A.B. asks: 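Right, I'll just put the structure down here and ask away after.
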Amino acid sequence: MLMYLNACQDEATEATTQTRPPDPSETRQTTMHTVSSYSLLLSIAWGTGPEEMPAVLEEYPPFSLVAEGQMRRVYAPVRLYVDPQGGLHALADAVLRQEGAATVYLYHFDAGGTLRGRTPLALDHPKAVAWRIQDYVVDAEGYSYVLETLHGPPEAFPLNRVRKVRADGAVEWARAGLVTEDRVDFDTLEGSFSQLLIDGQGSVYLPTTEPAGALARLDPQTGAVAAVYAWDEGEDPFFMDAAGTAYCVAYLSEVNRRALAAFDLQSGAKKTTVGDEALYGWLTYPIGVDRAGHFYASLHADLARIAFDGRVVWQDRVENVVVPASEGAVFVSRSQTEPDRAVAVAVYRPDGTVAAESLALPPARAAAPDAAWRLIHVDDENRRYVFGGEQPGQAGTLLIYSEAGDLVEERTPPPDLLPLESRLENQLHWVAGADGSIYLPVTTPSGFSVVRIVPR
């Protein structure tokens, strides 16, 4: 049964209501090129070698209605994680969704983006026939902790499993228990779990998903439960700082508001800031918390840093990112509506300079107000490729501009975009680090890249 530490019960909750933070649309035009710096942190080529990442292709777009020839293939997303020391890790597990592979790889990079190695993760349960990696964390010594769901014969599956894995793939310990949604028992690992957390001292935490409201601290040497903490406000996704304070966005049904919530696990102190109506949308998709307790959140293509008192203290917008293979520059694409509809491009070069460009849409394309357009490629002749207008049953159009910004070609339907397209992964895959940097995963024709945003 679920047991709670007495020190964590009956804590008072502080709540404050904040004034309305600015709406993203009110500031994006004036701050577009000045609020952040963008840089290419790392790139790894597609391939099967030890310093390459296997590419997995998925069908796109996910429309129920597609025109003839509209369905195409894109590179599957890669799952990022930033450890408490600033190291970056990338899990290439998309192959599990298609082929049921027996081994996938977790890649490890230092804070500067240098590849330090990869850890093989294998499906080694004798009766499991399929698996999914729910989450993972990596400690300062290079051990990986992996939370999995295993599938097999219905009388004994599905199973939760947590494993501690050495850098070479050898398993230090593993614990498994039945997936259940109506009760939680950390000792037998029964329940519903989707996340792992780790603090700066290497302590690993397992929060519940259904029913929510508790976290267990696991002994990193054995996997046994060392402590359990009750948190009535706790809802996934959870975040944790190096000091061992857990954070989340809580929904308060009695006031129909979302709130910023923090729980110091050592002292048992809890605090909550209730957001107002304008903050409600921002808190739908939190992506991380920094060491100062600022939340980071994405809302469609907008990004925000939110102080714990509920103020939005930084904003930016990014709709796509292009990383040309040979230049080292980062091209950030954003839509522009004033004075005319266009694709605004900010070019962040390795020497620190930033150039602003505007690629005007032709009148017939600009007249479609709901069509989205974004830069997807820059070729060896510095021509800009813009793709947009894709909708259910409509394949879209490829626009090609000269380096000077003149439209030189328009292709409807577009050619195969796989050899051209850089794709910023869905916002659910963006992550924020302890120093306030934001990491954007990008798939390109040549490999996988990570772009780092440093808010100013």
Side-chain angles (χ1 to χ4, degrees), residues 1-2 48-50 52-56 58 76-79 81 89-108 117-139 141-198 202-210 215-226 228 236:
M1 61 184 296
L2 180 61
T48 57
E52 297 176 322
M53 183 176 289
V56 176
E58 296 182 335
V78 178
R79 298 164 60 187
Y81 164 71
H89 310 270
L91 177 61
D93 69 333
V95 67
L96 296 182
R97 299 196 295 273
Q98 295 184 341
E99 303 173 11
T103 302
V104 297
Y105 291 94
L106 176 57
Y107 294 78
H108 309 284
R118 63 178 187 174
T119 298
L121 302 175
L123 175 61
D124 57 3
H125 193 288
K127 296 183 179 180
V129 298
W131 61 318
R132 171 176 169 76
I133 298 174
Q134 298 286 358
D135 201 11
Y136 67 95
V137 294
V138 182
D139 68 17
E141 297 179 352
Y143 289 99
S144 301
Y145 298 82
V146 185
L147 171 65
E148 305 157 309
T149 302
L150 307 181
H151 298 277
E155 62 272 13
F157 290 86
L159 290 176
N160 303 299
R161 184 169 68 172
V162 179
R163 294 190 288 173
K164 180 180 181 180
V165 184
R166 294 201 314 237
D168 62 1
V171 177
E172 290 278 302
W173 53 256
R175 295 183 52 220
L178 285 173
V179 174
T180 61
E181 295 186 355
D182 56 351
R183 70 191 190 95
V184 176
D185 189 330
F186 285 115
D187 289 321
T188 61
L189 208 62
E190 294 182 57
S192 178
F193 311 102
S194 60
Q195 273 194 280
L196 288 175
L197 306 171
I198 192 169
S203 295
V204 178
Y205 301 83
L206 178 67
T208 60
T209 301
E210 290 291 341
L215 303 91
R217 177 164 56 86
L218 306 182
D219 183 338
Q221 302 304 317
T222 65
V225 177
V228 178
D236 66 333

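Just so it is clear, the structure is predicted and the values come from calculations on it, not from any experiment.
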A.B. asks: Heavy-atom distance under 4.5 Å between the side chains of R163 and D124, does that happen here?
C.D. replies: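 Contact flag for R163/D124 side chains = yes.
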
A.B. asks: Compare every heavy atom of T149 with every heavy atom of H151, then report the nearest pair and how far apart it is.
C.D. replies: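 Shortest heavy-atom contact: NE2-CG2, 3.7 Å.
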
A.B. asks: So, do L121 and E148 sit near enough that their side-chain heavy atoms are less than 4.5 Å apart?
C.D. replies: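 SC-SC contact between L121 and E148 ruled out.
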
A.B. asks: Quick one: closest heavy-atom pair of L196 and D135, and the distance?
C.D. replies: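 Heavy atoms of L196 and D135 come nearest at N-OD2, 2.9 Å.
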
A.B. asks: Could you give the distance from CZ (R132) to CG (L147), rounded to the nearest 0.5 Å?
C.D. replies: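 Answer rounded to 0.5 Å: 10.0 Å.
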
A.B. asks: Can you give me the closest heavy-atom contact between V179 and L159, atom names plus distance?
C.D. replies: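 So the minimum-distance heavy-atom pair works out to CG2-C, 3.7 Å.
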
A.B. asks: So, D219 side chain and A224 main chain: donor-acceptor pair closer than 3.5 Å or not?
C.D. replies: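 Not at all, since once roles are kept as given, no pair shorter than 3.5 Å links the two residues.
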
A.B. asks: Under the criterion side-chain contact (heavy atoms from CB on, under 4.5 Å), I'd like the reasoning laid out for L218 against V225: C-alpha separation, chi angles, the key distance, then a yes or no.
C.D. replies: CA-CA 5 Å; L218 306 182; V225 177; 4.3 Å; yes

A.B. asks: Quick one: do the E190 and T180 side chains pair a donor with an acceptor below 3.5 Å?
C.D. replies: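 No donor-acceptor contact under 3.5 Å links the two side chains.
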
A.B. asks: Search all heavy atoms of F157 against all heavy atoms of H125 and return the closest pair with its distance.
C.D. replies: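 Taking F157 first and H125 second, the nearest heavy atoms are CZ-CE1, 3.5 Å.
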
A.B. asks: What heavy-atom pair brings S144 and T119 nearest, and what distance separates the two atoms?
C.D. replies: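 In this case the closest contact between S144 and T119 is OG-OG1, 4.2 Å.
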
A.B. asks: Can you check whether P220's main-chain N or O pairs, donor with acceptor, with W173's side chain at less than 3.5 Å?
C.D. replies: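 Yes; judged by distance alone, with no hydrogens or angles, the pair exists.
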
A.B. asks: Is there a side-chain contact between V146 and V162 (heavy atoms, below 4.5 Å)?
C.D. replies: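 Not in contact.
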
A.B. asks: Looking at A92 and Y107, what are the two nearest heavy atoms and their distance?
C.D. replies: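 For A92 versus Y107, the nearest heavy atoms are CB-CE1, 4.1 Å.
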
A.B. asks: Assess the residue pair V78 and L91 against the criterion (side-chain contact (heavy atoms from CB on, under 4.5 Å)); give the C-alpha distance rounded to whole Å, side-chain angles, the decisive distance to 0.1 Å, and a yes or no.
C.D. replies: CA-CA 6 Å; V78 178; L91 177 61; 5.6 Å; no

A.B. asks: Quick check: does any side chain N or O of T209 sit under 3.5 Å from a backbone N or O of S194, one acting as donor and the other as acceptor?
C.D. replies: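 Yes.
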
A.B. asks: Quick check against the 3.5 Å criterion: does N160 have a side-chain atom that pairs as donor or acceptor with the backbone of A176?
C.D. replies: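 Flag not set: sc N160 to bb A176 has no pair under 3.5 Å.
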
A.B. asks: So, D236 side chain and P207 main chain: donor-acceptor pair closer than 3.5 Å or not?
C.D. replies: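 No: the side chain of D236 does not pair with the backbone of P207.
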
A.B. asks: Compare all side-chain heavy atoms of D93 with those of W131 and state whether any distance is below 4.5 angstrom.
C.D. replies: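 Side chain of D93 against side chain of W131, heavy atoms only: no contact under 4.5 Å found.
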
A.B. asks: Counting only N and O atoms by type, is there a donor-acceptor contact under 3.5 Å from the side chain of R118 to the main-chain atoms of Y105?
C.D. replies: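 Not confirmed, R118 side chain does not pair with Y105 backbone.
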
A.B. asks: Within the structure provided, determine whether L123 and L150 are in side-chain contact (heavy-atom separation under 4.5 Å).
C.D. replies: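 L123 vs L150: side chains touch.
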
A.B. asks: Does the side chain of T208 come within less than 4.5 Å of L215's, by heavy atoms?
C.D. replies: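 Side chain of L215 against side chain of T208, heavy atoms only: no contact under 4.5 Å found.
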
A.B. asks: Look only at the side chain of T103 and the backbone of A122, and say whether a donor-acceptor pair between them is shorter than 3.5 Å.
C.D. replies: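 Flag not set: sc T103 to bb A122 has no pair under 3.5 Å.
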
A.B. asks: Quick one: does R175's side chain have a donor or acceptor within less than 3.5 Å of a partner on D187's backbone?
C.D. replies: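 Checking the backbone N and O of D187 against the side chain of R175, a donor-acceptor pair under 3.5 Å is found.
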
A.B. asks: With salt bridge (Lys or Arg N to Asp or Glu O under 4.0 Å) as the criterion, how do K164 and D139 come out once you've worked through the C-alpha distance, each side chain's angles and the decisive distance to 0.1 Å?
C.D. replies: CA-CA 10 Å; K164 180 180 181 180; D139 68 17; 5.2 Å; no

A.B. asks: Determine whether a donor-acceptor pair (N or O, by modelled atom type, separation under 3.5 Å) exists between the side chain of R161 and the backbone of L189.
C.D. replies: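 No, R161 side chain to L189 backbone: no donor-acceptor pair under 3.5 Å.
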
A.B. asks: Indicate, with yes or no, if the rings of H89 and Y81 have centres closer together than 6.0 Å.
C.D. replies: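 Under 6.0 Å, so yes.
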
A.B. asks: Looking at side-chain heavy atoms only, is the closest gap between F193 and V184 below 4.5 Å?
C.D. replies: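 In contact.
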
